[in-house]
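Note that the numbering runs from 1 along the sequence shown for the chain.
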Amino acid sequence: MTRNPKTFTFTIAAAVMAALTACTALAVGPSRTSPANPFPPAKPAQAQPPNSARATGETWVRQGIAIGAQVGNETQNVILMPHIVKLDTGDARGAYRMFYNKTLGPGQDQISYADSNDGVAWQAKGVALQGSNDPTNRTYVLGGAQIVRLNDGRWRMYYRASPKINQGTPPAYGIFSAISNDGNTFTNEPGVRIDIQPYAADSPFVLAGHGAFFVANDGTYGGIFSGNLASEAKSPSSLYLIFSKDGLTWDVKGAKRILKDYHDPTVVKYNGQYVMYAMNLHFYTAKVVSADGLNWGATPEPINLLDEQGKTLDTGAIGDVGGMVAPNGELWLFSNHQQGQNPSMAIARWRKQAESGQSGPSQVMLPTLHAPPVQALVPTPTPQSGNPSGANEFTPCSGYANPPGSPPPTGNVFGPWASRLMTALSDDGINFTRTNRILSDQADVPDAITLENGETRVYYITWCPDAVRNKIVMASTRDGLTWTYRKVTLNGVTGTEAFAVDPTVERVVGENGSPSGYRLYFTSSVTQNQPNQRMPGQSYSAFSTDGITFTFEPGVRFGISGQDVLDPNVLRIGSVWHYFAGGMGGNYHAISTDGLTFTRTSNFDQDNILLANGLAVGDGYRYYGFVQSMGGLAYIRSLHTTDGVTWRTDAGNRLMLDESNGLEAIGVKDPAVTRLANGKYLMVYSTIIPEYLKRR
């Protein structure tokens, strides 16, 4: 058995999934941002040429997540359809406001908003407009907010909405409006802005969906929306151009089709022109420009899409686009961020390649089983020594190793061969600053403890060098900057595989005549006679008087029949030992009075945080963990408790991915935190070695 990094897979209840389909299933053709088109196309969809074949158009590079649980400014919900407006100069709330769809469950559609000073970091503020709780109401399913600022200072929101959408029934989207004095809370305006049959018998449309609204150069209100004429009821949507004198009464019969088989438009005023980006059902994302907002060209310019690693993305990689003019004068795009066929649960930011270059990866850390050795591909440094536990007993490797196997598997197979341990320091245990120092490469799952003599030890699993491959080792320090590297010995293991991974070490103070020392909790499994088979992982323990040589303690500390229990971490809170572990998409939780016999309690689940390590602080206890969600980066958070029963999630994130130092990729996770002898808090965390992602 080998180390299997913790990951978190979110499961969305069937009821919520039904609401998501109702929220996003437009008659505009499938995209990776929405479920498939409920109307079959009039003709078979043509295969899309790869973006590399469209090099004449603009190239846009994804810049990571702007809104979502991955960056700590939203909870884990379905998030779609961003639209950004510039606030009044000097507005204390921020320079920009983003409106976006948020779906909490059936009948819980809402348009939320977030503010930002720079367009990069966003803070969620609240709900601008709530959908009806009556399934028959035409605003039950709502979204696609578009804002126009009126001459009197008010804010008008245009949005598409429909009654409840039942399985196999097309949405009945029309376009409605709401008004606000402050841009925070909106009230629906009477009537329907763009109505459809059968509600309006004289309307030529049976669907009026996601659109963009703006004021043209002559003061006329303009709109470009995804629409279906009655004669095209079973065809993909097209984009229709429509005008209004007052923004309330629109010339529905005078609507003009400007692009066939396109949907999800955004219009941004940029460099004196009106620039529209929209999605094409069959081929590509494209751009169209108008000089006045009244006349639009009929020949769209295709654009190329790259992910953070410069990899070409295909159709549907971007959808429900919003745009803004950034503080530096660039045009930025925002879009749904989706993984596979799942609904979008975040909003990503994009920049033109010429203005951004390429940035690092944005992927989910996937669980991987460790396997046989491979040699590191980069030179190995000499570690700094001269610290408490004696001479170095091994030299940690530098750089990554190829994934195990002969030949090594292709793709980003993650495991300790690809991981690195980094350090950060803090004065208060909340605000951490990176040291940009590597504790070890090809290493993972750290645990930290500070002894009474001022020595701080970090226990972790390592992949290199061969002498300690896939074993627990220890690094020692007094200042968090210079380190000594030691082997850890585990004696007397019986009945389990002869290895231990996923270490957690806790100080044990002798009570009732028992010895003082250190208890190591680790993952292993029952011995199997059949080759290439293993039993599920369980938690075991071993005891040591010096924290270096441990003796196995018989029995299983915690296990679940037929399921893996991984990455145990234990903390004594008052007189009770609290045990947490992963392997099931969250945190197993058990308690004990002696640290040996644990009784399972309810699984611990708060704000999707996977618990990693905890410690006593002045006003209670703080546990550090990380969030790793579908389609986004891992980032580190913390919780506080005084009794182990009631927990409060600390505001903000303790640490997020920073690719600017060239030392990290994909995310930061598995935080181990302890307090050094000098009073500072040391965090050791795991990340992916960037060069591993670029190997060929």
Taking the side chain from [X] and the backbone from [Y], do they hold a donor-acceptor pair closer than 3.5 Å?
X      : Y      : answer
Asp447 : Thr504 : no
Glu664 : Asp658 : yes
Ser592 : Asp594 : yes
Asp479 : Thr482 : yes

Is there side-chain contact between [X] and [Y], with heavy atoms separated by less than 4.5 Å?
X      : Y      : result
Val673 : Leu615 : yes
Glu659 : Leu657 : yes
Arg62  : Leu306 : no
Ser419 : Ile688 : yes
Thr423 : Leu425 : no
Leu663 : Asn436 : yes
Lys669 : Ile636 : no
Val445 : Phe522 : no

Notebook entry, point to check: Between Asn569 and Asn613, does any side-chain donor sit less than 3.5 Å from a side-chain acceptor?
Noted result: no

Item checked: Ser638 and Asp650: side chain donor to acceptor below 3.5 Å -> yes

Next item on the list: From the options Tyr623, Tyr624, Tyr588, select the one residue that forms a ring pair (Phe, Tyr, Trp, His ring centres under 6.0 Å) with Phe580.
Entry: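 Among Tyr623, Tyr624, Tyr588, the one meeting ring pair (Phe, Tyr, Trp, His ring centres under 6.0 Å) with Phe580 is Tyr623.
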
Check: Where do Ser440 and Pro396 come nearest, in terms of heavy atoms and distance?
Finding: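 In terms of heavy atoms, the two residues are closest at OG-CB, 3.5 Å.
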
Checklist line | Gap separating the CZ atom of Arg675 from the NZ atom of Lys680, nearest 0.5 angstrom | finding: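 Between atom CZ of Arg675 and atom NZ of Lys680 there are 10.5 Å.
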
Check: Between Tyr540 and Phe552, what is the ring plane arrangement, given parallel below 30°, perpendicular above 60°, and tilted in between?
Finding: tilted

Checklist line | Side-chain ion pair, Glu393 and Arg486, N-O less than 4.0 Å | finding: yes

Item checked: Arg519 and Glu506: CA distance, side-chain angles, deciding distance, salt bridge (charged side-chain N to carboxylate O under 4.0 Å, His left out) verdict -> CA-CA 5 Å; Arg519 178 162 285 125; Glu506 293 297 320; over 6 Å; no

